[in-house]
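I have placed the structure first, in the form of structure tokens, so that the comments after it can refer back to it.
Since the structure is predicted, the reported quantities are computational estimates derived from the model, not experimental observations.
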Amino acid sequence: MLQVRLWALQRPCLRHLHTTGIAKATPVASSSAAKSTEPAKWSPNSIRTGVIARKRGMAVLWNDQGVRVPVTVLQLENCQVTANVRSVRRDHSVYHAVQVAASDRPAKTTTRQMLGHFRKAKVPPKRVVKEFPVTPDALVPVGTTLSAIHFVPGQYVDVVANSIGKGFQGGMKRWGFHGLAASHGVSVSHRSSGSAGNCQDPGRVWPGKKMAGRMGNKRVTVQNLAVVRVDTALDLVFVKGNIPGVDDAHVVIRDAKKKMNALSAHNQAKGLYEKVLPKGVDDLPFPAGTAQLARSLPAIIEAPAYRRSPFTPLE
């Protein structure tokens, strides 16, 4: 298996597309990029953009120690940058974001407003458009095609998706309630939730009470998933574990807020420079991992196993 200690080249959160964001979208000036001859460098205080991918299903991989690892396969579908957003908040702070779109669609099924937006960015019409807040140094030129190499094997990511809808469910399935006794003394109430309120005081049911109701089909974020492998030829990202949603659903992937962004800045401030990035990760593509960068790297890059082999006997 190929072990690659990764590189330094080209850096994230989420907000839905809004008409005011489109109006204020401005392309990155090419003159600013020409002023600096050296490529941009990632720093622990930088926040990179995220990407939009499709969940293709689950599979298993075996690492270099022979350990079986369950993974979810995510594929990028012509994920491109359509705008860079800059707006001033009421407290005079500046909001920066990168607008990303993915999955080409026919022009005849796209509204004229969005056709003009995509034409301005010089990209084909897209099905999904999302906005990722970034730091000012992590803006990406409009029209850039993002690649699976945006994420480094060994790093951690957060994945956001809509969970599978399960319809109206009872308290036992929805909340994991124990239910009532299964003995003869309980008549046709074995799966009942029991009492839902109190007496005259307060005389009502508290808001947020766990009861039967509609389950699933909600926006769910799974945090701190390890990236096991990336395939730059097919634009595949293999993350350890499962994520919500049905197969072929669109999901959002971004650097883990806790194990990447917050932890990197914390260790940098404490002077723990060897722990700024996860073990085996030397740097992150900055401001983003592009298709141009992917062509200069191996087709498949895997994260090596750093733990002791479970098949080696203890001495």
Single-linkage hydrophobic cluster [X]~[Y], side-chain heavy atoms < 4.5 angstrom:
| X | Y | result |
| --- | --- | --- |
| Trp42 | Val152 | yes |
| Val230 | Leu293 | yes |
| Val51 | Leu297 | yes |
| Val222 | Val157 | yes |
| Leu225 | Ile149 | yes |

Please output the side-chain donor-acceptor pairs of residues 103-110 that fall under 3.5 Å, not counting sequence neighbours, one pair per line with the distance.
from   : atom 1 : to     : atom 2 : distance (Å)
Ser103 : OG     : Glu77  : OE1    : 2.6
Ser103 : OG     : His250 : NE2    : 2.8
Asp104 : OD1    : Asn78  : ND2    : 3.2
Asp104 : OD1    : Lys126 : NZ     : 2.7
Asp104 : OD2    : Asn78  : ND2    : 3.0
Arg105 : NE     : Thr109 : OG1    : 3.4
Arg105 : NH2    : Thr109 : O      : 3.0
Thr109 : OG1    : Pro106 : O      : 3.0
Thr110 : OG1    : Pro106 : O      : 3.0

Looking only at heavy atoms, which two atoms of [X] and [Y] are closest? And how far apart?
| X | Y | result |
| --- | --- | --- |
| Thr232 | Ala294 | CB-CB, 3.9 Å |
| Gly170 | Ala212 | CA-CB, 3.8 Å |
| Gly154 | Val281 | C-CG2, 3.8 Å |
| Val100 | Cys79 | CG1-SG, 3.1 Å |
| Val276 | Pro44 | CG1-CG, 3.7 Å |
| Pro125 | Phe118 | CA-CD1, 3.5 Å |

Main-chain N/O of [Y] paired with [X] side-chain donor or acceptor, under 3.5 Å:
| X | Y | result |
| --- | --- | --- |
| Thr290 | Thr145 | no |
| Asp158 | Lys257 | yes |
| His117 | Ala83 | no |
| Asn63 | Ala305 | no |
| Ser264 | Ala262 | no |

If you measure from [atom1] on [X] to [atom2] on [Y], what distance do you get to the nearest 0.5 Å?
| X | Y | atom1 | atom2 | value |
| --- | --- | --- | --- | --- |
| Phe132 | Ile52 | CZ | CD1 | 5.5 Å |
| Gln155 | Leu277 | CD | CG | 8.5 Å |
| Arg86 | His96 | CZ | NE2 | 5.5 Å |
| Asn261 | His266 | CG | NE2 | 14.5 Å |
| Asn217 | Ile164 | CG | CD1 | 10.5 Å |
| Phe151 | Leu284 | CZ | CG | 10.0 Å |

Name the atoms and distances for all side-chain donor-acceptor pairs under 3.5 Å in residues 234-247, with sequence neighbours left out.
from   : atom 1 : to     : atom 2 : distance (Å)
Asp235 : OD1    : Ser147 : OG     : 3.2
Asp235 : OD1    : Ala148 : N      : 3.2

Close side-chain approach of [X] and [Y], heavy atoms under 4.5 Å:
| X | Y | answer |
| --- | --- | --- |
| Leu139 | Val134 | yes |
| Asn45 | Gln268 | no |
| Ile47 | Asp255 | no |
| Lys130 | Val128 | yes |
| Leu76 | His150 | no |

- Message: So if I apply the side-chain contact (heavy atoms from CB on, under 4.5 Å) rule between Val160 and each of Val252, Val251, Ile253, Val220, which one comes out positive?
- Response: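 That would be Val252; it is the only one of Val252, Val251, Ile253, Val220 passing the side-chain contact (heavy atoms from CB on, under 4.5 Å) with Val160.
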Going by atom type alone, with no hydrogens or angles, which donor-acceptor pairs under 3.5 Å involve a side-chain atom of residues 191-199 and a protein atom two or more places apart or on another chain?
from   : atom 1 : to     : atom 2 : distance (Å)
Ser192 : OG     : Gly194 : N      : 3.2
Ser195 : OG     : Gly197 : O      : 3.1

- Using a side-chain heavy atom cutoff under 4.5 Å and only I, L, V, M, F, W and Y, what cluster partners does Leu180 have?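 Once heavy-atom contacts under 4.5 Å are chained together, Leu180 belongs with Val186.
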- Message: The test is side chain to side chain donor-acceptor pair (under 3.5 Å); show your working for Thr135 and Asp137 and say whether it passes.
- Response: CA-CA 6 Å; Thr135 48; Asp137 60 338; 2.5 Å; yes
Counting only heavy atoms not in [X] (residues, nucleotides, ligands), do more than 12 fall under 6.0 Å from its [atom1]?
| X | atom1 | result |
| --- | --- | --- |
| Tyr156 | OH | no |
| Arg68 | CZ | no |
| Arg204 | CZ | yes |

- Query: According to the side chain to side chain donor-acceptor pair (under 3.5 Å) rule, which pairs have a member within residues 173-183, sequence neighbours left out?
  - Reply: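 Residue pairs with at least one partner in residues 173-183: there are none.
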- Item | Contacts of type salt bridge (Lys or Arg N to Asp or Glu O under 4.0 Å), residue Asp248, not counting sequence neighbours |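 Asp248 satisfies salt bridge (Lys or Arg N to Asp or Glu O under 4.0 Å) with Arg56 only.
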